[in-house]
Protein chains: 2
Amino acid sequence: MPASSIGTTAAFIQQRNLVDQVADYLTQAIIGQRFAPGERLSEVQLARDLGVSRAPVREAARLLESRGLLVSQPRRGFFVRALDARELADIFDLRLCLERHAMEQLAGSCPSEALAALRRQVEVLCEASGSGDESRRIEEDLAFHRLLIASAGNRRLLRTFDDLAHELRLCITLITKTHEAPDSIAESHHLLLDALASGDAPLCREAIDYHIGVAKDYVVRGISENC
Amino acid sequence: MPASSIGTTAAFIQQRNLVDQVADYLTQAIIGQRFAPGERLSEVQLARDLGVSRAPVREAARLLESRGLLVSQPRRGFFVRALDARELADIFDLRLCLERHAMEQLAGSCPSEALAALRRQVEVLCEASGSGDESRRIEEDLAFHRLLIASAGNRRLLRTFDDLAHELRLCITLITKTHEAPDSIAESHHLLLDALASGDAPLCREAIDYHIGVAKDYVVRGISENC
DNA sequence: CGATTGACGACTGTCGACAGCTTGAGCAGT
DNA sequence: ACTGCTCAAGCTGTCGACAGTCGTCAATCG
């Protein structure tokens with residue numbers, strides 16, 4: 001979805017399920033910081049702007065609420081999620097919890113196809129990292145970690161990660177706006193591959209702990225400096 | 001601060017909300033097996049039966065979908081979630097992931113008040129277990145594990161557990177309908193307390209692994225025999 | 001001058017209605 | 001008897017409208 005089309009709001013709503021389109025629009029607008037954190041969103045105004053009725057707007061907003069991008073107050077409406085340092089730390093702690101579980105499970109039995117797929121994704125990520133397109137780098141990074149979780153074979157775990165990924169995408173994007181990400185991030189995924197290949201569970205745990213720890217420090221420090 | 005006053009008052013006031021009432025009704029109906037697994041639910045018919053319009057029914061159904069009690073297909077509507085053995089195993093695997101994380105974290109630093117609160121909850125659970133009220137026993141059991149997660153201090157982790165708890169409640173209730181739960185279950189929570197009190201991380205991990213493993217075996221075996 | 005109250009405006013919660021899609025029954029043809 | 005088609009009924013997706021509620025701000029009172 002080209003970022004330019006978001007500006008022409010009414011034209012953008014033309015193709016699929018209205019709810020999904022509105023949800024995509026809202027997601028992009030929040031990620032792109034076109035709504036300020038904590039800002040109140042009016043259903044009627046959004047509906048007017050997008051040229052649809054309130055029903056799909058309301059339903060899309062509930063969807064984003066379940067994804068943690070919006071919060072609602074009864075009879076007051078929806079507000080853009082404002083993340084403080086503590087919530088951010090909680091998000092990365094949960095992320096560590098999920099990925100550590102996947103890593104430890106894969107340490108025991110990681111199918112060679114899964115490892116190969118992860119290796120390919122790291123290559124894609126490194127290439128995206130060199131392209132200078134920050135948004136693409138973030139997506140490929142998330143895609144790698146999603147693949148890691150998916151390789152563990154637990155669909156419910158994957159669903160939980162996908163839920164969390166929306167919040168991750170939000171805070172990572174916000175930070176990247178003001179802080180350059182170090183180039184070493186993409187490369188550091190090789191350490192995860194090495195740990196998986198070794199089949200050593202404690203090493204896998206150590207690798208993912210370090211990896212997520214670095215990312216967490218990077219984001220939490222960025223937030224603390226900004227606000 | 002008496003937890004009862006604030007909790008019940010707020011709940012009572014928000015209960016005026018039609019969406020929440022419909023959600024409660026649907027939840028109880030699904031848990032109580034008044035809808036068959038996989039059964040299609042018609043928005044119009046539910047609205048007629050409950051004497052409300054489709055809007056709150058639709059919104060409540062989306063809420064239950066996000067909780068994993070319903071699934072939706074575009075232009076086809078909502079269906080009662082039917083759990084197979086694999087999904088059940090996935091649910092308990094995720095539960096282990098979350099609780100293991102909380103236990104390992106608490107092993108390092110478990111405030112004495114938190115440990116005391118957990119101890120009290122185990123007593124409540126044992127008493128409920130002896131009362132013969134299966135529904136109450138399940139709720140007190142879930143309450144203990146919720147308290148365990150909450151003690152770790154990560155709100156995002158707690159939210160994830162709360163989401164999962166609806167699915168847990170569903171499958172545990174279904175199993176309990178046909179299979180008597182062994183009395184030892186309530187008592188076995190003491191092992192978790194002992195592990196926490198010891199402050200030994202590997203012991204904590206071992207304790208929760210065993211505890212969730214027993215519960216998982218109990219439920220998965222029940223499902224396999226039933227279907 | 002500060003606190004209180006009451007009216008105004010905006011918004012959410014809820015409702016009934018309509019169009020297009022899905023489904024299943026019934027009919028025609030083989 | 002079986003397969004394919006038609007069509008009617010029911011359903012979801014979406015819409016516009018109304019009523020009750022909340023925040024705001026000015027007028028009033030201590």
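All of these numbers come straight from a predicted model, not from anything done at the bench. Every chain is numbered from 1 and lettered A, B, ... according to where its sequence line falls, protein lines coming before strand lines.
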Fill in: Sequence neighbours excluded - side chain to side chain donor-acceptor pair (under 3.5 Å) pairs with any residue from residues 140-154 of chain B
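Output for this query lists A/D93-B/N154, B/R95-B/H145, B/E99-B/H145, B/Q121-B/E140, B/D141-B/H145, B/D141-B/H189, B/H145-B/H189, B/H145-B/H211, B/R146-B/D162.
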
Mind calculating the distance between [atom1] ([X]) and [atom2] ([N]) to the nearest angstrom?
{"X": "B/L18", "N": "D/dG20", "atom1": "CG", "atom2": "P", "result": "14 Å"}
{"X": "B/Q73", "N": "C/dC21", "atom1": "CD", "atom2": "P", "result": "18 Å"}
{"X": "A/L46", "N": "C/dC11", "atom1": "CG", "atom2": "P", "result": "11 Å"}
{"X": "B/D20", "N": "C/dT12", "atom1": "CG", "atom2": "P", "result": "17 Å"}
{"X": "A/E43", "N": "D/dT14", "atom1": "CD", "atom2": "P", "result": "15 Å"}
{"X": "B/Q21", "N": "C/dT14", "atom1": "CD", "atom2": "C1'", "result": "13 Å"}
{"X": "B/R75", "N": "D/dT12", "atom1": "CZ", "atom2": "P", "result": "11 Å"}
{"X": "B/R48", "N": "C/dA17", "atom1": "CZ", "atom2": "P", "result": "13 Å"}

Practice prompt. May I ask you to verify if any side-chain N or O of B/N17 is less than 4.0 angstrom from the OP1 or OP2 atom of C/dT12?
Written response: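 No, B/N17 has no side-chain N/O under 4.0 Å of OP1/OP2 on C/dT12.
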
Worksheet item: Across the strands shown, which category fits B/L41 at heavy-atom distances under 4.0 angstrom: base, sugar-phosphate, nothing?
Response: sugar-phosphate

Worksheet item: Is a salt bridge present between B/R86 and B/D90, judged by a nitrogen-to-oxygen distance below 4.0 Å?
Response: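 Salt bridge: yes.
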
Worksheet entry | A/R62 bridged to A/E65 by N-O distance under 4.0 Å | yes

Got a sec, which residues hit salt bridge (Lys or Arg N to Asp or Glu O under 4.0 Å) with [X], two or more places apart in sequence or on another chain?
{"X": "A/R67", "result": "none"}
{"X": "A/E39", "result": "none"}
{"X": "A/R136", "result": "A/E127"}

Worksheet entry | Those residues that, when tested against B/V44, pass side chain to side chain contact (heavy atoms under 4.5 Å, CB included) (two or more places apart) |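 Counting only residues at least two positions away or on another chain, B/V44 forms a side chain to side chain contact (heavy atoms under 4.5 Å, CB included) with B/S42, B/R54.
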
Worksheet item: Looking at DNA chain C, which of residues 50-61 of chain B put a heavy atom within less than 4.0 Å of it?
Response: B/V52, B/S53, B/R54, B/A55, B/P56

Item to complete: Could you name each residue pair satisfying salt bridge (Lys or Arg N to Asp or Glu O under 4.0 Å) that touches residues 69-85 of chain A, not counting sequence neighbours?
Response: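 Those involving residues 69-85 of chain A are A/R81-A/E87, A/R81-A/E167.
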
Worksheet entry | Non-neighbouring partners of A/R58 that pass side chain to side chain donor-acceptor pair (under 3.5 Å), sequence neighbours left out |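 Here the qualifying residues are A/E43, B/E59.
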
Could you go over nucleotides 23-25 of chain C and give all protein N or O partners under 3.5 Å, atom names and distances?
from   : atom 1 : to    : atom 2 : distance (Å)
C/dT23 : OP1    : B/R76 : NE     : 2.9

